[in-house]
J.: 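My structure is below; once you've seen it, I'll send some questions.
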Amino acid sequence: GAGVSQSPSNKVTEKGKDVELRCDPISGHTALYWYRQSLGQGLEFLIYFQGNSAPDKSGLPSDRFSAERTGGSVSTLTIQRTQQEDSAVYLCASSLLSGADTQYFGPGTRLTVL
Amino acid sequence: SQELEQSPQSLIVQEGKNLTINCTSSKTLYGLYWYKQKYGEGLIFLMMLQKGGEEKSHEKITAKLDEKKQQSSLHITASQPSHAGIYLCGADIVYTGTASKLTFGTGTRLQVTL
């Protein structure tokens, strides 16, 4: 079956521009996660969605970052007024249930801010 | 300081040799996940461990979680070039009873020479 998909695979933008990153989770998975992987920080949790509950935004680094999950499926991570330090690979994962359930990752979006 | 320490940071082994990667935490690990990553790709799930003393194997890879649930090891027997990549451990280090907000180690880069 289809895994987690993300688009675009690569995004190059200029400092100050807004970007949107998309994630399509595995069909039927109720939980969706965003992580960021950068050279200096490793892999960091950003935000988590579970069903209709309020998202856990505790990992978002600033108010320039936001995310939505429409209809309990597709999610969009938006970064406003991008900065060079936002350059990283943004990874999305989904799991069937919440709790200690395996998270399956997408291929990521490599964001480069010039 | 890193909450999950992985060692070694990098490893070069000759094909056919065995190797071990360690993942250590000062906190209790409520769920320990091993993933493999290749450049430009997402994380590939390998194994999940939850119970102290648990051990799982898949093909030539064995993962263990110690009794105190603060350290895990990943052992590869008779390594092959296909084992090359970055190995990441991820874990729940804060029990919430709901979602798994994973904290990741810094990764171990494995190269397998012919």
Side-chain angles (χ1 to χ4, degrees), chain A residues 2-10 21 23-26 29-60 69 88-110, chain B residues 1-7 9-10 21 23-25 28-52 54 56 58 63 65 69 72 85-109:
Chain A
V4 177
S5 61
Q6 292 185 246
S7 61
S9 55
N10 280 284
L21 313 179
C23 171
D24 281 89
I26 294 172
H29 278 196
T30 62
L32 186 147
Y33 312 78
W34 283 98
Y35 293 85
R36 178 171 71 173
Q37 187 174 35
S38 56
L39 282 176
Q41 299 298 322
L43 193 57
E44 305 170 285
F45 166 82
L46 295 177
I47 187 170
Y48 147 78
F49 295 89
Q50 169 57 44
N52 295 321
S53 302
D56 179 344
K57 305 179 182 179
S58 59
L60 294 179
R69 188 179 186 194
V89 176
Y90 289 83
L91 291 161
C92 174
S94 69
S95 64
L96 183 59
L97 301 169
S98 62
D101 199 25
T102 300
Q103 295 180 27
Y104 294 93
F105 283 77
T109 294
R110 182 175 296 276
Chain B
S1 65
Q2 199 70 25
E3 290 178 302
L4 275 185
E5 296 283 347
Q6 274 187 248
S7 63
Q9 290 185 326
S10 64
I21 298 168
C23 177
T24 303
S25 172
T28 300
L29 305 172
Y30 292 102
L32 190 289
Y33 301 79
W34 282 100
Y35 289 90
K36 179 185 172 184
Q37 186 177 31
K38 290 196 169 184
Y39 182 79
E41 300 178 16
L43 278 65
I44 300 167
F45 170 71
L46 297 175
M47 271 173 277
M48 179 183 76
L49 304 165
Q50 285 186 278
K51 300 176 183 177
E54 188 174 10
K56 289 186 178 178
H58 178 68
L65 182 61
K69 295 171 62 174
S72 178
I86 299 172
Y87 289 81
L88 289 156
C89 64
D92 283 322
I93 58 173
V94 178
Y95 181 74
T96 65
T98 56
S100 296
K101 191 163 57 179
L102 298 182
T103 297
F104 282 89
T106 50
T108 296
R109 184 179 296 273

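Since the structure is predicted, the reported quantities are computational estimates derived from the model, not experimental observations. A note on names: the letters A, B, ... follow the listed sequences, proteins ahead of strands, and every chain is numbered from 1.
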J.: For the pair Q9(B) (side chain) and T106(B) (backbone), establish whether a donor and an acceptor sit closer than 3.5 Å, ignoring hydrogens and angles.
T.: no
J.: Can you tell me which portion of Q37(A) sits under 4.5 Å from chain B's heavy atoms? Options are side chain, backbone, both or neither.
T.: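 Looking at Q37(A), just its side chain touches chain B.
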J.: Of the listed residues (V4(A), N10(A), D56(A)), which shares the most heavy-atom pairs with chain B below a 4.5 Å separation?
T.: D56(A)
J.: Using the six-membered ring wherever Trp is involved, compare the ring planes of Y35(B) and F105(A) and label them parallel, tilted or perpendicular (cut-offs 30° and 60°).
T.: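 Answer is perpendicular, since the angle exceeds 60°.
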J.: Relative to each other, are the rings of Y104(A) and H29(A) parallel, tilted or perpendicular (30° and 60° limits)?
T.: tilted
J.: With sequence neighbours excluded, what pairs up with K57(A) under the salt bridge (charged side-chain N to carboxylate O under 4.0 Å, His left out) test?
T.: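 Testing K57(A) for salt bridge (charged side-chain N to carboxylate O under 4.0 Å, His left out), a comparison that skips the adjacent residues, returns none.
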J.: Please look at L91(A) and chain B and tell me whether the side chain, the backbone, both or neither of the residue comes under 4.5 angstrom of a heavy atom of that chain.
T.: side chain
J.: Report which part of S53(A) has an atom under 4.5 Å of a heavy atom belonging to chain B: side chain, backbone, both, or neither.
T.: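 Looking at S53(A), nothing touches chain B.
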J.: What residues, two or more places apart in sequence or in another chain, satisfy salt bridge (charged side-chain N to carboxylate O under 4.0 Å, His left out) together with R69(A)?
T.: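 Expected list: none.
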J.: Chain A heavy atoms under 4.5 Å from L88(B): which part of the residue, side chain, backbone, both or neither?
T.: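 It is the side chain, since no backbone atom gets that close.
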